[in-house]
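Atoms within each ligand, like the ligands themselves, are counted from 1 in listed order. Along the sequence shown, residues carry numbers from 1.
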Amino acid sequence: MTQTDTSALMEITSRPPIVFTEGQGSWLTDSAGKRYLDFVQGWAVNCLGHSPKPIVDALAGQAARLINCSPAYFNEPMARLAAMIAEASGLEQVFFTNSGAEANEGAIKLARKWGAIHRGGAYEIVTMDHGFHGRTLATMSASGKAGWDRLFEPKVPGFPKVPLNDLAAVERAIGPKTVAVMLEPIQGEAGVYAATDAFLRDLRALTKQRGILLILDEIQTGVGRTGRMFGFQHTGVTPDIMTLGKGLGGGVPLAALVAKREVMCFAHGDQGGTFNGNPLMTAAGIAVMEELSRPGFLAQVAETGAYLADALAKLSQKHGCGGVRGRGLLLALDLERPIGSQLVERARDKGLLINAPRPDCLRFMPALTVSKAEIDIMIEVLDGVMAEVAAPAMAK
Ligand SMILES: *Cc1c(COP(=O)(O)O)cnc(C)c1O
């Protein structure tokens, strides 16, 4: 238990009575000195692990030089990071935001502006069942999360939903009011369900043919998570608009709206924000992009991901669970029974942090720098916990 008084905090979710005080690499320490192996990493945010030297140095150096000069002026880190993202993605224009939801709001606004100019006022964006795009009013409306359709009425209109990987349904949903199709290359919050490479290629062809935009929400899949810099790079298709977040700041609040030059139609005053593109956060983003661009870094992510997937598959077989889903270091284990939260709690008691996005699956989003030895420890702890929890369920 903790002596920290948390009662002034709005209770917006259930949290265990733990207060974390330190982190290093794949490990967290709480106020009682207990250590935890972290396979959540700030929700796939700390791509280089906890307090990595490149980010600590970038933040300290930039903080001493210039923290904020107002979004009304250029600063060096903002310009440099935008150029790095443009170069890596092939999309030429970048606008920085402070959260993924804000980046997606920007994507929705940009698409609607583009529709107003080029598609006779079209504004509808076709999105996917079970998709997740954030917690602002518009991004909740764009999301297809179960139970959200009745929350915070009235909804922002203009987000017809279709099943993932169903091209015919997308075709049926496209009409004269449609301006774009928006989806995650892999649905993370839904439980790690991938858009197939074929579906993404077909969508690209379809949107091109109909003269509408393809928007990829790469907030979870981008910035190295799948073993490539961006998830779309596995498929050979390029979106018109992409959003980044989570890993981009390596732990600090930084996200981005990225678009092709010919799509960028914001006029002065359409978009902005007090903290957007501040030099402190963008300096951290530069440190992340530099680390990920080192020769062999992304290949290492792919290799570590394959190692983790293999270990999870063996564990699954041993305990009679289902398949392993995902790519790179965004993986899920299908439990085939609703024991996710039980496993999460018992693992935490034993010093392992994992996540159950749904009752019947576990999600793994470790640091991209996680070692095989750390994966071995994680598997060993999870094995023990599964033996405790899963055994009764299997005794049919
Ligand atoms: C996390 C996430 C978001 C929301 O990002 P926030 O920074 O929490 O606003 C949006 N889309 C996807 C795919 C995400 O994983």
Side-chain angles (χ1 to χ4, degrees), residues 10 12-13 39-47 95-111 125-146 148 151-152 156 159 161 164 180-195 200 214-226 229-232 234 239 241-258 273 275-278 281-282 284-285 288 325-332 355-358 361 363-366 368:
M10 284 194 191
I12 46 87
T13 188
F39 271 62
V40 176
Q41 286 287 358
W43 236 251
V45 161
N46 306 317
C47 55
F95 172 75
F96 292 111
T97 66
N98 310 295
S99 72
E102 192 191 352
N104 282 336
E105 282 274 339
I108 293 163
K109 283 170 66 178
L110 185 60
I125 300 176
V126 178
T127 58
M128 304 293 137
D129 290 339
H130 307 293
F132 181 82
H133 300 296
R135 292 174 179 279
T136 61
L137 283 174
T139 55
M140 282 187 88
S141 302
S143 298
K145 201 173 155 85
W148 275 16
L151 269 177
F152 308 119
V156 175
F159 297 100
K161 307 275 179 318
L164 183 66
V181 177
M182 175 171 176
L183 75 162
E184 303 151 86
I186 300 173
Q187 292 187 334
E189 300 308 305
V192 189
Y193 288 93
L200 284 174
L214 179 62
I215 305 173
L216 289 183
D217 177 344
E218 292 247 15
I219 288 164
Q220 196 155 143
T221 51
V223 196
R225 182 54 52 187
T226 68
M229 190 61 90
F230 308 109
F232 75 79
H234 291 279
I241 297 174
M242 161 176 83
T243 51
L244 300 173
K246 296 209 159 83
L248 183 61
V252 304
L254 178 66
L257 162 63
V258 190
F275 295 114
N276 298 46
N278 71 78
M281 299 305 128
T282 46
V288 167
R325 295 189 294 266
R327 209 166 214 170
L329 283 170
L330 177 57
L331 294 171
N355 162 253
R358 282 156 80 127
C361 90
R363 179 171 47 166
F364 304 86
M365 34 194 175
L368 302 182

Visitor: Pull out every atom of ligand 1 sitting under 4.0 Å from any heavy atom of S99, numbered as shown with elements.
Guide: 7 (O), 9 (O)
Visitor: Please check whether Q220 reaches ligand 1 - meaning an N/O of the residue sits under 3.5 Å from an N/O of the ligand, judged on distance alone.
Guide: yes
Visitor: Using a 4.0 Å heavy-atom cut-off, say whether E184 meets ligand 1 through its side chain, its backbone, both or neither.
Guide: side chain
Visitor: Which option out of A101, G222, S143, A190 puts a heavy atom nearest to atom 4 (C) of ligand 1?
Guide: A101
Visitor: M365 pairs by side-chain contact (heavy atoms from CB on, under 4.5 Å) with which of L331, N355, V192?
Guide: N355
Visitor: Of all the non-hydrogen atoms in the protein, which one sits nearest to atom 5 (O) of ligand 1, and at what distance?
Guide: G100 CA, 3.3 Å
Visitor: Just by distance, do the side chain of T127 and the backbone of S143 share a donor-acceptor pair under 3.5 Å?
Guide: no
Visitor: Between the side chain of R325 and the main-chain N/O of G191, is any donor-acceptor distance below 3.5 Å?
Guide: yes
Visitor: Run the salt-bridge test on E218 and R225 with the 4.0 Å N-O cut-off and return the result as yes or no.
Guide: no
Visitor: What pair of heavy atoms forms the shortest contact from A44 to Q220, and how long is it?
Guide: CB-CG, 4.5 Å
Visitor: Please check atom 11 (N) of ligand 1 for a protein heavy-atom neighbour under 4.0 Å.
Guide: yes
Visitor: Under a 4.0 Å heavy-atom limit, does N104 contact ligand 1 with its side chain, its backbone, both, or neither?
Guide: side chain
Visitor: For ligand 1, does W43 get within less than 4.0 Å through its side chain, its backbone, both, or neither, judged by non-hydrogen atoms?
Guide: neither
Visitor: Could you tell me the residue and atom name of the protein heavy atom closest to atom 3 (C) of ligand 1, and the distance to it rounded to 0.1 Å?
Guide: F132 CE2, 3.6 Å
Visitor: Any donor and acceptor pair, going by atom type alone, linking the side chain of T221 with main-chain N or O of I186 inside 3.5 Å?
Guide: no
Visitor: Using a heavy-atom cut-off of under 4.0 Å, does the side chain or the backbone of K246 touch ligand 1, or both, or neither?
Guide: side chain
Visitor: If we count only N and O atoms by modelled type, under 3.5 Å, do the side chains of T226 and H234 hold a donor and an acceptor together?
Guide: yes
Visitor: I'd like to check which ligand 1 atoms, numbered from 1 as shown, lie under 4.0 Å from a non-hydrogen atom of D217.
Guide: 10 (C), 11 (N), 12 (C), 13 (C)
Visitor: Around atom OH of Y193, are there more than 12 heavy atoms of other residues, nucleotides or ligands at under 6.0 Å?
Guide: yes
